[in-house]
Amino acid sequence: MSDVSPPLSLELSIPSEFGYERVVREAVASFARRIGLNSERVEDLKTAVSEACLNAIEHGNAQMPEMRVGVNCVWENDGLTIRVLDHGLKRYAGHVAPCIVCKVHGEAPPRGMGLYLIAQLVDTCGFETSPDGGNVLCMRMHTRSMA
Amino acid sequence: MANVSHDADHEERVVELHLPSRLGYEKVAMDAAASIARRMGFSTDRIEGLRTALAEAITNAIEHGNAHDAGTRVLVILTVRPSELVVSVADQGCKPIDQSQLAPAPRIEDSFARADKGGWGIWLIRELMDKVEFTTAPTGGNQVRMVIYLEKQP
C-alpha cells in the first residue's frame, strides 16, 4: 500500500456520438455526489459537463464516432477539477460573448451558448494547451462553494 | 456522419471508465452503465440486475484483486452492440481469483457461519447476467466479462 493516498480520480472516454454525453453526465454526477458536492452544485456540473462534451463531439471531433472524447475528474483538498479532451479537428479560437438580445430578436442563431453557460455554472473554466493539438477544457468547482 | 456504411465495426460503441480502488466508487460505473442500458431500451428489471452484478464485480475487484490499494485502478469497459451490452471489469491482480470460488453455488449454511455473510457475489453475477466469463486481463489482472442480451419488447 502506498503511504500517501493519491487524489481520488476518475477517467472515462466515450465515442464522439450525440447521446453519449449523458453517460458522462451520470458518471460525473455520481462521482461528485460521492465526494460530497451538494445537489445544486451537482446539477450545475451535469449541465456544464454535458455542454463541454457536446462541444467536443460536435466541433473538436467533428462527430466522427471512432474519435474519443476523454473526461478526467480529480478531487483534491481545494476542489474538483474536470477536463474534457478532444482531438482538436476544429480548434477553440477564442471566446466571443454571445449577444443574448440579438438571439432573442432572432438576429443571431439561437445556438452557441455552451461556453457562456459553462462559465456561469462552474467556479473557473478555461482552455489549456494540449501537446497533441487537441482542445482541453478545464473546469473547476471549489470546495469553499460546497457549503 | 449519417451515411457511413453499417458494417460490424461501426455498430459497436465503447465507453471506458477507470475507477479508484475505493468502496463506494462502484456507484459511478453503475450509474454510467444504467444510463447506457436505458438508452439501449433494457427493461427496468434488467437494469437493476445489471447494476447489482456490476456492483458485485467491482467490489470484488477493489477488495480482492486490488486489495484496497489506493494506487490501483479498476477498469470498466462497456461495449454497446445492436443486440447486447458487454460489461467487463478488470483489476490489477494483486491477488488472483480463487478458482474454487467460481464453480459451485455457495451453500446458505456455509454463509451463516461467515462473519460477513459474504461469498455470494459470483453466484449473484451468474444469476443476473446472460453470459459470464472469468479470464485474465491483458494487464495481467483478473477480468470478468458479463453480457446481457437485449430482447426486443413484443
Side-chain angles (χ1 to χ4, degrees), chain A residues 1-37 39 42-43 45-46 49-50 53 56-59 61-76 80 82-83 85 89, chain B residues 1-41 47 50-51 54-55 58 62-63 66-81 85 87 92 94-95:
Chain A
M1 293 237 191
S2 29
D3 291 343
V4 181
S5 289
L8 274 172
S9 66
L10 165 74
E11 299 87 48
L12 61 158
S13 81
I14 55 164
S16 298
E17 188 172 289
F18 290 133
Y20 282 93
E21 77 284 354
R22 295 184 198 179
V23 181
V24 177
R25 183 169 61 188
E26 293 303 319
V28 171
S30 191
F31 185 78
R33 277 193 295 268
R34 281 235 70 81
I35 60 175
L37 245 65
S39 57
V42 171
E43 288 308 310
L45 193 59
K46 283 165 79 171
V49 165
S50 299
C53 288
I57 292 170
E58 186 177 3
H59 305 301
N61 289 351
Q63 287 184 62
M64 296 170 78
E66 64 277 17
M67 291 204 160
R68 312 290 293 171
V69 175
V71 180
N72 300 336
C73 307
V74 182
W75 166 245
E76 283 170 299
L80 175 63
I82 297 167
R83 287 184 173 82
L85 303 88
L89 295 185
Chain B
M1 283 195 282
N3 55 355
V4 285
S5 64
H6 277 271
D7 58 26
D9 285 350
H10 287 99
E11 292 196 13
E12 191 173 286
R13 297 283 184 266
V14 177
V15 171
E16 252 188 61
L17 294 106
H18 297 252
L19 306 172
S21 286
R22 188 183 289 196
L23 290 176
Y25 286 84
E26 68 278 6
K27 272 279 275 161
V28 174
M30 290 160 68
D31 289 343
S35 168
I36 290 179
R38 267 197 305 275
R39 200 173 122 81
M40 291 177 71
I47 295 171
L50 169 67
R51 291 178 65 96
L54 194 48
I58 298 172
I62 294 172
E63 289 182 332
N66 286 350
H68 292 284
D69 182 343
T72 61
R73 314 287 287 165
V74 178
L75 172 61
V76 179
I77 299 176
L78 304 156
T79 306
V80 180
R81 294 188 181 143
L85 174 62
V87 181
Q92 290 180 237
C94 308
K95 186 181 138 192

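Treat the numbers as computed from the prediction; the structure is a model and nothing was measured.
Using a 4.5 Å cut-off between heavy atoms, A:Arg33 contacts chain B through its side chain alone, with no backbone atom that close. In this structure, the portion of B:Val80 lying under 4.5 Å from any heavy atom of chain A is its side chain and not its backbone.
A:Glu76 pairs by the salt bridge (charged side-chain N to carboxylate O under 4.0 Å, His left out) definition with nothing, not counting sequence neighbours. Applying the salt bridge (charged side-chain N to carboxylate O under 4.0 Å, His left out) rule to A:Arg22 yields no partners; only residues at least two apart in sequence or on another chain are considered.
Heavy-atom pairs under 4.5 Å with chain B were tallied for A:Ser30, A:Gly19, A:Ala27; the largest tally goes to A:Ser30.
In this structure, CG on B:Asp31 lies 10.0 Å from CZ on A:Arg34, to the nearest 0.5 angstrom. Between B:Lys27 atom NZ and A:Glu26 atom CD the span is 10.0 Å, to the nearest 0.5 Å.
Across all non-hydrogen atoms, the minimal contact from A:Arg68 to B:Glu16 is NH2-N, 4.0 Å.
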Going through the distances and angles, do B:Arg73 and A:Ser9 end up as a side chain to side chain donor-acceptor pair (under 3.5 Å)?
-> CA-CA 10 Å; B:Arg73 314 287 287 165; A:Ser9 66; 3.2 Å; yes

